[in-house]
Amino acid sequence: MRRGILAVVAVGALALGAAACGGDGGGGGGGGDKGSGSKAAKEPGSVSGTVTWWDTSDATNEAPTYRSLVSAFEKKYPKIKVDYVNVPFDQAQQKFKTAAQSGRGAPDVLRSDVGWTPGFAQLGYLKDLTGTPALGESGDFLEGPLKNAAYDGKTYGAPQVTDALGLMYNKALLKRAGVAEPPANWQEVKAAAAKIKERTGAGGIGLNPDGYYALPFLYGEKSDLVDVAAKKITIADAASRKGIETAVDLVRSGAAPKPAGTDGYNNLKTDFKNGRLAMLIDGPWATKEIFGGSAFRDRANLGIAPVPAGSAGVAGSPVGGHNLVVYAGSKNFDAAYLLVKYLTEAAQQETAATAVGVLPTRKSAYTKGVLADPVRAAYHRALATARPRPAIPQGGDLFTDWLQHYTKILTLKEDPRAGLDATAKAWRTTLLKDYEIQK
């Protein structure tokens, strides 16, 4: 799951005739390239051969569940062998680009962060899954995750898991401070933090200096990093600046402890889980660690509310998550389609959700069993107002410059206007040369 944005810039072209590392061609090949007319669609039981899957899930907490699902897939399709490889998330983007560019060693299927998918598609590394068996019952996917799997009018991924940010809070601390309800906007956060500090001695809210976590402040002012339709860079416009200045004000006022420049957020998370901090902005992936802290031995003490709204009265989180994508140079499309279809079906999503706490991307996977867990139920509600990320090839790479500047801004080492202007100019120079900077 998300632990920060990996942003690596790479260039190159794909040798489409190259063999994928696991594709042996058995039962796949050209027939799998016909989408709904493929063997995977007409005679799935006859598909054979090997398919390689690079899974970027957490090796300790999540991968065992996916290995188990792979074993179940192989029992259902005994002629197909899955070569399962767990690849560290922070290495996978560049590793896949390198393999696809050279035409050697790329997997048939990759678990791709939603921010990587448009870039891989634009470079020609991904198979268009529109109309293929990989996207079975596409109308059952949640709207946000499905948008995060598309680029230029085509769908290049099957949404596997999704996530959103929320306001986590320590119910006991808020109650002791006389805060009856979780704050609904940033001004209420600031006021609540003052009461909490005065009456309990605990800190207010933890803010992650990773640029991804700045997005709710932009959304709260009806802004974003870019306006794709207008081809405008909006990170430095008046609305975005107001949002980031709101974050800075929380730090300057003491409502949010100033994060350390190195490993700052992990320190804040440690303080939150042990009761020294009352509120935290984070996603469902953080709850396993948080429940290990002394403040949440009673899990019912953890509250989760929507991210606070900005001055425009808007609240919203970015839609995160991962897609399963198929390498355009695969030699076994049929087996790849079937694996993607199986892993993203509602039954398997429900299994993963209840086993490791991830959020499904299919509407039908939100069963009573899945929603019985308060954490999953809360983040499912957060998805209703979450916003898809800009579907541009440079989407993941935008965070390279922004991360550096937002960290300096939130640690009070750089003026917000200067940092935002520098970010916009860097994007205009290197990544978005055909965009204008909106002021």
Parallel, tilted or perpendicular, judged at 30° and 60°: which one describes the rings of Trp53 and Tyr84? perpendicular
Would a 4.5 Å heavy-atom cut-off, applied to side chains only, mark Arg376 and Tyr366 as touching? no
Closest approach of Trp285 and Ala164, non-hydrogen atoms and distance? CZ3-O, 4.4 Å
Salt bridge (Lys or Arg N to Asp or Glu O under 4.0 Å) contacts touching residues 266-276 (sequence neighbours left out): Lys269-Glu289, Asp271-Arg276, Lys273-Glu289
Between Ser311 and Thr246, is any pair of side-chain heavy atoms under 4.5 Å apart? no
When you measure from the side chain of Thr407 to the backbone N and O of Gln404, does any donor-acceptor pair fall under 3.5 Å? no
Assess the side chains of Glu350 and Thr354: does a donor N or O sit below 3.5 Å from an acceptor N or O? no
Quick check on the 6.0 Å ring-centre criterion: do Tyr327 and Trp54 meet it? no
Once you measure the plane-to-plane angle for Tyr337 and Phe333, does it fall in the parallel (<30°), tilted (30-60°) or perpendicular (>60°) bin? parallel
Distance col, row Phe141:CZ vs Gln160:CD, nearest 0.5 angstrom, shows 10.0 Å
Backbone N/O of Ala295 and side chain of Asn301: donor-acceptor pair under 3.5 Å: yes
Any heavy-atom pair between the side chains of Asp55 and Val70 that's under 4.5 Å? no
Test your reading of the model: is there a side-chain donor-acceptor pair from Asn274 to the backbone of Gly293, 3.5 Å cut-off? no
Criterion side-chain contact (heavy atoms from CB on, under 4.5 Å) on Ile437 and Trp427, from CA distance to verdict: CA-CA 9 Å; Ile437 297 175; Trp427 291 352; over 6 Å; no
Rounded to the nearest 0.5 Å, what's the gap from CG on Leu403 to NZ on Lys408? Could you check? 10.5 Å
Could you please spell out the steps behind the side-chain contact (heavy atoms from CB on, under 4.5 Å) verdict for Ile205 and Ile281? CA-CA 8 Å; Ile205 185 169; Ile281 301 294; 3.9 Å; yes
Heavy-atom side-chain contact between Asp113 and Gln93 under 4.5 Å: no
Okay, side chain of Gln349, backbone of Thr344: is any donor-acceptor separation there less than 3.5 Å? yes
Donor-acceptor contact present, side-chain Ser102 to main-chain Ala99, <3.5 Å: yes
Output every pair passing side-chain hydrogen bond (donor to acceptor under 3.5 Å, both in side chains) with a member in residues 147-159, not counting sequence neighbours, ordered by first then second residue. Glu143-Lys147
Where the side chain of Thr270 meets the backbone of Asn266, is there a donor-acceptor pair that is under 3.5 Å apart? yes
For a side-chain contact (heavy atoms from CB on, under 4.5 Å) check, start with the C-alpha distance between Ile392 and Leu398, then their side-chain angles and the critical distance, and finish with the verdict. CA-CA 10 Å; Ile392 56 175; Leu398 294 176; 4.1 Å; yes
When every non-hydrogen atom of Gly157 is compared with those of Asn323, the smallest separation belongs to CA-CB, 4.1 Å
For Tyr125 and Phe96, take the angle between the two ring planes, folded into 0 to 90°, and tell me which bin it lands in: parallel under 30, tilted 30 to 60, perpendicular over 60. perpendicular
Under 3.5 Å, is there a donor-acceptor pair between the side chain of Arg428 and the main chain of Glu436? no
Correct closest heavy-atom pair for Ile244 and Pro416 would be CG2-CB, 4.4 Å
Hey, could you give me the CG/OG1 distance between Leu146 and Thr162, rounded to the nearest 0.5 Å? 11.0 Å
Could you tell me which non-hydrogen atom of Val51 sits nearest to which non-hydrogen atom of Val109, and how far apart they are? CG2-CG2, 4.2 Å
Lys/Arg-Asp/Glu bridge criterion (N-O < 4.0 Å) met for Asp421, Lys439: yes
Arg111 side chain reached by Ser57 side chain, heavy atoms, under 4.5 Å: yes
Could you report the tightest heavy-atom contact between Leu167 and Pro183, atom names first, then the distance? CD2-O, 3.8 Å
According to the salt bridge (Lys or Arg N to Asp or Glu O under 4.0 Å) rule, which pairs have a member within residues 224-239, sequence neighbours left out? Asp224-Arg387, Lys231-Asp434
Gap between atom CG of Asp249 and atom NZ of Lys190 - 0.5 Å precision: 3.5 Å
With rounding to the nearest 0.5 Å, note down the distance linking CZ in Phe399 to CG in Leu215. 4.5 Å
Could you go through Ile196 and Tyr169, starting from their C-alpha distance and side-chain angles, then the distance that decides it, and tell me whether this counts as side-chain contact (heavy atoms from CB on, under 4.5 Å)? CA-CA 12 Å; Ile196 289 163; Tyr169 61 96; over 6 Å; no
Measure across Ser223 and Thr234 and return the closest heavy-atom pair with its distance rounded to 0.1 Å. OG-O, 3.8 Å
If I take atom OG1 from residue Thr423 and atom CG from residue Asp401, how far apart are they, to the nearest 0.5 angstrom? 6.5 Å
side-chain hydrogen bond (donor to acceptor under 3.5 Å, both in side chains) between Gln94 and Thr98, worked out: CA-CA 6 Å; Gln94 186 59 47; Thr98 300; 3.2 Å; yes
Look at the aromatic rings of Phe296 and Phe272 and report parallel, tilted or perpendicular, splitting at 30° and 60°. tilted
Is there a donor-acceptor pair closer than 3.5 Å between any side-chain N or O of Asp108 and the backbone N or O of Ser330? no
Side chain to side chain, Val325 and Trp116, heavy atoms closer than 4.5 Å: no
Taking C-beta and beyond as the side chain, do His322 and Val358 meet within less than 4.5 Å on heavy atoms? no
Within the structure provided, determine whether Tyr212 and Leu165 are in side-chain contact (heavy-atom separation under 4.5 Å). yes
